[in-house]
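Structure record follows, encoded as structure tokens.
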Amino acid sequence: MGRFVSVLVATVTGLVVLLSFKTAPAKAPHPVALAGLVPGVASALPESSAPVSSAAASSAPASSAPASSAPVSSVPVSSAPATVAPSTAPATKSSVPTAKASPTPTKSTAKPTPKPTVTPKPTPKPSSTTKTVTGSAVTVGEGRRVFGVVQVRLTLTNGKITSVSAVQAPDADPHSAQISQFSIPILGQEVLSAQGASINAVSGATYTSNAYAQSVQAALDAAKA
Amino acid sequence: MTDAAKPLVHVEHVMGTVVSFDVRLADETARAPMRAAVADAVSWLHRVDDVFSTYQPDSQVSRLGRGELRLADCDDDVAEVLELCAQVGRESAGYFSSTFGGNLDPTGLVKGWAIQRASELLSSAGSTHHLVNGGGDIQAVGGNAPGMPWQIGIAHPLQRGALASVVQLTDGAVATSGTAERGTHVLDPFTGQPAVALASVTVVGLDLIRSDAYATAAIAMGDRAREWVEGLGGYEGFAVAADGRGWWTSGYPRVGSIPAT
């Protein structure tokens with residue numbers, strides 16, 4: 001993957017983060033401290049993001065119950081199209097797609113019962129306005145090698161980002177096409193929204209000063225400063 | 001944080017990386033004293049760099065490594081860090097090492113230690129809500145407001161700019177190590193070969209010193225890391241293997257998000 005691609009992805013993500021800062025001020029207070037992340041999130045979110053939250057909530061106890069064996073995400077390479085953020089479906093409403101890009105959930109945290117600890121009220125907002133914004137296409141490449149064109153589409157519901165998807169993604173380079181097929185999915189903005197979260201900081205393998213300039217952390221710092 | 005003051009944000013290039021401070025203020029009257037506290041913390045980080053840098057040939061650690069300086073002649077901090085290195089080395093069955101390529105290099109511990117100390121300096125100065133991020137290793141205090149945990153994204157190691165998980169943390173540390181940090185590979189100290197099984201390991205705990213060092217040790221361990229991290233009391237882990245598959249400790253879902261499927 002070229003540096004240029006990385007820059008672009010970082011920029012896109014940074015933009016998304018910036019937008020999320022502007023449009024989604026963390027309003028729901030999180031009653032939880034260190035423990036109880038997922039249930040706390042679910043209960044703190046009165047909005048329509050119940051599907052993801054409750055799915056996660058129900059899988060959390062399942063995975064922590066057999067305290068000896070940590071679950072392995074064994075989602076195999078799936079047929080996800082090459083996307084920057086693999087929120088596949090052109091999500092036009094604010095409800096959140098639960099399983100992304102993985103038609104074959106092999107094992108991992110089997111959902112026990114669809115009865116989560118938190119009220120799974122889907123409560124679709126009666127008067128929600130959904131708006132879709134499509135960014136301009138950007139050519140991605142490194143040096144003279146051109147990998148392809150990336151174009152990102154944001155869906156905003158009531159001014160809050162509910163979906164990020166790639167309209168076009170680079171496929172000229174097989175390596176870049178593969179990247180979204182990795183098993184640990186990349187969190188789409190809908191997941192971030194489900195957390196009620198504006199990200200405050202990003203933890204990652206040590207970046208150099210130069211890499212910082214292209215990092216999400218830089219975008220966050222710029223947004224806060 | 002109702003009408004609150006904007007956060008005090010400071011970004012400092014130091015120790016070969018960038019350290020971001022995010023200090024939440026109860027009101028504007030706190031800004032001046034907190035600005036002074038951040039300045040003190042920044043001075044401290046530069047002093048750490050001068051003492052510990054392996055890139056500066058005249059740093060104490062470089063001279064100590066060449067035998068030009070005795071440990072007793074170094075700052076007390078050097079002995080403290082080397083002792084911590086030895087402790088973590090034992091705790092990780094030797095996978096954490098304060099030598100690199102045969103040379104004294106406590107770098108793997110110094111950054112986490114320095115960031116944790118910087119955070120403690122802010123706390124001593126009265127800060128109750130702040131986060132210090134040193135090149136991706138984070139010490140967080142008090143949430144971003146009363147009752148509001150910090151939201152910390154975990155970078156996806158296989159796609160720069162994307163996130164693989166989100167950790168919610170009021171007080172504690174998040175450290176992520178990767179296969180290739182700053183261009184140099186983490187070596188398996190027993191084989192001398194680069195450890196390549198895991199693309200990144202994130203460790204969440206109360207203190208950054210051990211969270212960071214454990215994350216580095218886990219990278220060196222590779223396939224053996226999962227069992228080891230699971231057995232660490234008080235620390236949780238989330239890893240992405242080189243092939244993109246992931247694992248996490250049984251307690252990780254209490255602090256961080258896991259893939260929906």
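Each chain gets a letter, A, B and so on, in the order the sequences are listed, and its residues count up from 1. Everything numeric here is computed off the predicted structure, so don't read it as measured data.
- With hydrogens and angles ignored, the 3.5 Å screen pairs a side-chain donor or acceptor of S203(A) with a backbone N or O of G136(B).
- At distances below 3.5 Å, not a single donor-acceptor pair connects side-chain atoms of N133(B) with backbone N or O atoms of A201(A).
- When each of G153(B), A155(B), S20(B) is checked for heavy-atom pairs under 4.5 Å with chain A, G153(B) comes out on top.
- In this structure, the side-chain hydrogen bond (donor to acceptor under 3.5 Å, both in side chains) partners of D105(B), at least two apart in sequence or on a different chain, are T107(B).
- Take D188(B) and apply the side-chain contact (heavy atoms from CB on, under 4.5 Å) test, not counting sequence neighbours, and it matches Y95(B), F190(B), T191(B).
- The two residues G178(B) and A205(A) have their closest heavy-atom pair at N-CB, 3.5 Å.
- For the residue pair N144(B) and N200(A), the shortest heavy atom distance occurs at ND2-OD1, 2.9 Å.
- Annotation: Q56(B), atom CD; neighbour count of heavy atoms from other residues, nucleotides and ligands within 6.0 Å is above 12.
- Within the 4.5 Å cutoff, the side chain of V202(A) has no heavy atoms near those of the I152(B) side chain.
- For a residue to count as touching a neighbouring chain, one of its non-hydrogen atoms must lie under 4.5 Å from one of that chain's; by this rule V11(B) touches chain A with the side chain only.
- Contacts between A140(B) and chain A at a heavy-atom distance below 4.5 Å are absent for every atom of the residue.
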